[in-house]
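Owing to the predicted nature of the structure, the values given are computational and were not obtained by experimental measurement.
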Amino acid sequence: MAGMGTVKTTLNIQDVLLARAKQHAQRTGRPLRAVVEDGLRQVLCNSVPNRPYRLPDRSVGESGGRDPLEAYSCQDLRGVIYGDL
């Protein structure tokens with residue numbers, strides 16, 4: 001990719017994973033840097049974009065109808081929720 005520079009950096013990688021990456025690099029005749037870069041590219045290209053979380057509908061009663069909870073006081077609702085009633 002033209003115009004793209006490189007940056008030297010330090011990463012903490014699990015010993016087993018690094019050993020496997022080095023073996024792969026040696027087997028394929030490529031530098032470890034290229035193997036790591038390819039792995040990063042693959043993860044970044046295949047990642048699923050974050051979608052906003054949607055709460056499940058836990059509505060009570062009929063849509064547009066009377067609120068079945070309006071007859072309860074705050075203390076009554078607390079009792080129902082925590083099993084005090």
message = Could you report the tightest heavy-atom contact between Ile13 and Leu18, atom names first, then the distance?
response = CG2-N, 3.9 Å
query = Are Val7 and Leu11 connected, step by step, through hydrophobic side chains (Ile, Leu, Val, Met, Phe, Trp, Tyr) whose heavy atoms are closer than 4.5 Å?
reply = no
query = For the hydrophobic clusters of this structure (ILVMFWY residues joined by side-chain heavy atoms under 4.5 Å, transitively), does one cluster hold both Leu17 and Leu40?
reply = yes
query = For Glu70, does the CD atom sit with more than 12 other heavy atoms under 6.0 Å from it, leaving out its own atoms?
reply = yes
task = Output every pair passing salt bridge (Lys or Arg N to Asp or Glu O under 4.0 Å) with a member in residues 12-35, not counting sequence neighbours, ordered by first then second residue.
result = Arg30-Asp38, Arg33-Glu37
inquiry  = Restricting to salt bridge (Lys or Arg N to Asp or Glu O under 4.0 Å), what partner residues turn up for Arg78, sequence neighbours left out?
reply    = Asp84
